[in-house]
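Since the structure comes first, as C-alpha cells, the remarks are kept for the end.
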Amino acid sequence: DTAVSQTPKYLVTQMGNDKSIKCEQNLGHDTMYWYKQDSKKFLKIMFSYNNKELIINETVPNRFSPKSPDKAHLNLHINSLELGDSAVYFCASSLGQRGTGELFFGEGSRLTVL
Amino acid sequence: GDSVTQMEGPVTLSEEAFLTINCTYTATGYPSLFWYVQYPGEGLQLLLKATKADDKGSNKGFEATYRKETTSFHLEKGSVQVSDSAVYFCALSPQASGSARQLTFGSGTQLTVLP
C-alpha cells in the first residue's frame, strides 16, 4: 500500500498549457504539502494545508493553485505553464502539530515544459 | 528565519570508506532535526531523526547526534556501500508552535560510492 501517492509521475507539455497533479495519502495525517525540487535538487515548500485549510502559501506565482477537497487529498493546478515551471513536484504529509514534524513524501511528479 | 547549511557535494567515496556529511542549523528554541535520503528517481525517505539535544538518531548504519552547543547534526557512516549512493538532505522542523511545522531543508549532498 502506497502511503503518499501522486499522479501522474511524468508530465510533458507545451508552454501555455494548464496541467494538474493529484495527491492522496492514506496515513490519516491532517497536514499536506507541495514542494518543488529544481534541477540542482534544491527543495522549496510551496503550499501546506491543515484539515483542508491553507496554512502556508510561499511566494509562488498565482498561476499555481492548490486545492484540498478533504484532508487526505491535495491537488495542484498550474495555469499557463512556463519553461521555468519544469521541475519535480513532491507531495508530502505529516501529523501537523501532533507529530515531530516528520514528513512522508510521494514519489514525485516530473513536469517538463517544452 | 530558520536555515540549514549542508556540506556541498558531490562526494565520491570508495566502498567501505568512512562517510561524514556536515550539517549546521539556525533556529530558535528546540527544533527537531532530520536526515532524509533520496535514491535516484524516487521521493525522499526519512533516514533518521532526533528531537532533542544530545539525542542520537540511527538507521541502516548511519548515525547523527543533535548537538545544540554547536548547532550541528552531522551524518556519519563507518563503512559505505554502493547502495548508499543517493542525495542526502538535512532538515529541521521548528519547535511546536501555533503555526504549521514546515520542514526547512538543506541544499542536499550527492553521494556516489564506487565499488
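A, B, ... follow the sequence lines: proteins, then strands. Residue 1 opens every chain. Heavy-atom basis, side chains included; hydrogens, waters and symmetry copies ignored.
- Taken from CG in A/L43 to CG in B/L103, the straight-line distance is 10.0 Å, to the nearest 0.5 Å.
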What do the steps show when you test A/E102 against B/F34 for side-chain contact (heavy atoms from CB on, under 4.5 Å), and what is the final call?
-> CA-CA 8 Å; A/E102 177 184 346; B/F34 305 85; 3.8 Å; yes
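- Centroid-to-centroid, the aromatic rings of A/F42 and B/F105 stay 6.0 Å apart or farther.
- Within a 6.0 Å radius of CD in B/E8, no more than 12 heavy atoms belonging to other residues, nucleotides or ligands are found.
- A/Y33 is connected to A/V88 through a chain of hydrophobic side-chain contacts under 4.5 Å among Ile, Leu, Val, Met, Phe, Trp and Tyr, so both are in one cluster.
- Interface remark: A/Q37 contributes side-chain atoms only to the contact with chain B (heavy atom separation under 4.5 Å).
- For A/K22, the side-chain hydrogen bond (donor to acceptor under 3.5 Å, both in side chains) test picks out no residue, with sequence neighbours left out.
- Side-chain heavy atoms closer than 4.5 Å link hydrophobic residues (I, L, V, M, F, W, Y) into clusters, and following such links, possibly through other members, connects B/I21 to B/Y25.
- Heavy atoms closer than 4.5 Å to chain B are found nowhere in A/E53, neither backbone nor side chain.
- No path of Ile, Leu, Val, Met, Phe, Trp and Tyr side chains, each step under 4.5 Å between heavy atoms, connects A/I55 with A/V60, placing them in separate hydrophobic clusters.
- To the nearest 0.5 Å, atom CZ of residue A/F104 and atom CG of residue B/L46 are 7.0 Å apart.
- When side chains are defined from C-beta on, A/Y35 does not count as touching B/L44, because their heavy atoms never get closer than 4.5 Å.
- For B/F18, the CZ atom counts as densely surrounded, since its 6.0 Å shell holds more than 12 non-hydrogen atoms of other residues, nucleotides or ligands.
- For B/K52, the NZ atom counts as loosely surrounded, since its 6.0 Å shell holds 12 or fewer non-hydrogen atoms of other residues, nucleotides or ligands.
- Here A/K41 contributes atom NZ and B/T109 contributes atom OG1; the two are 13.0 Å apart, rounded to the nearest 0.5 Å.
- In this structure, B/Q38 and A/F90 approach most closely via the heavy-atom pair NE2-CZ, 3.3 Å.
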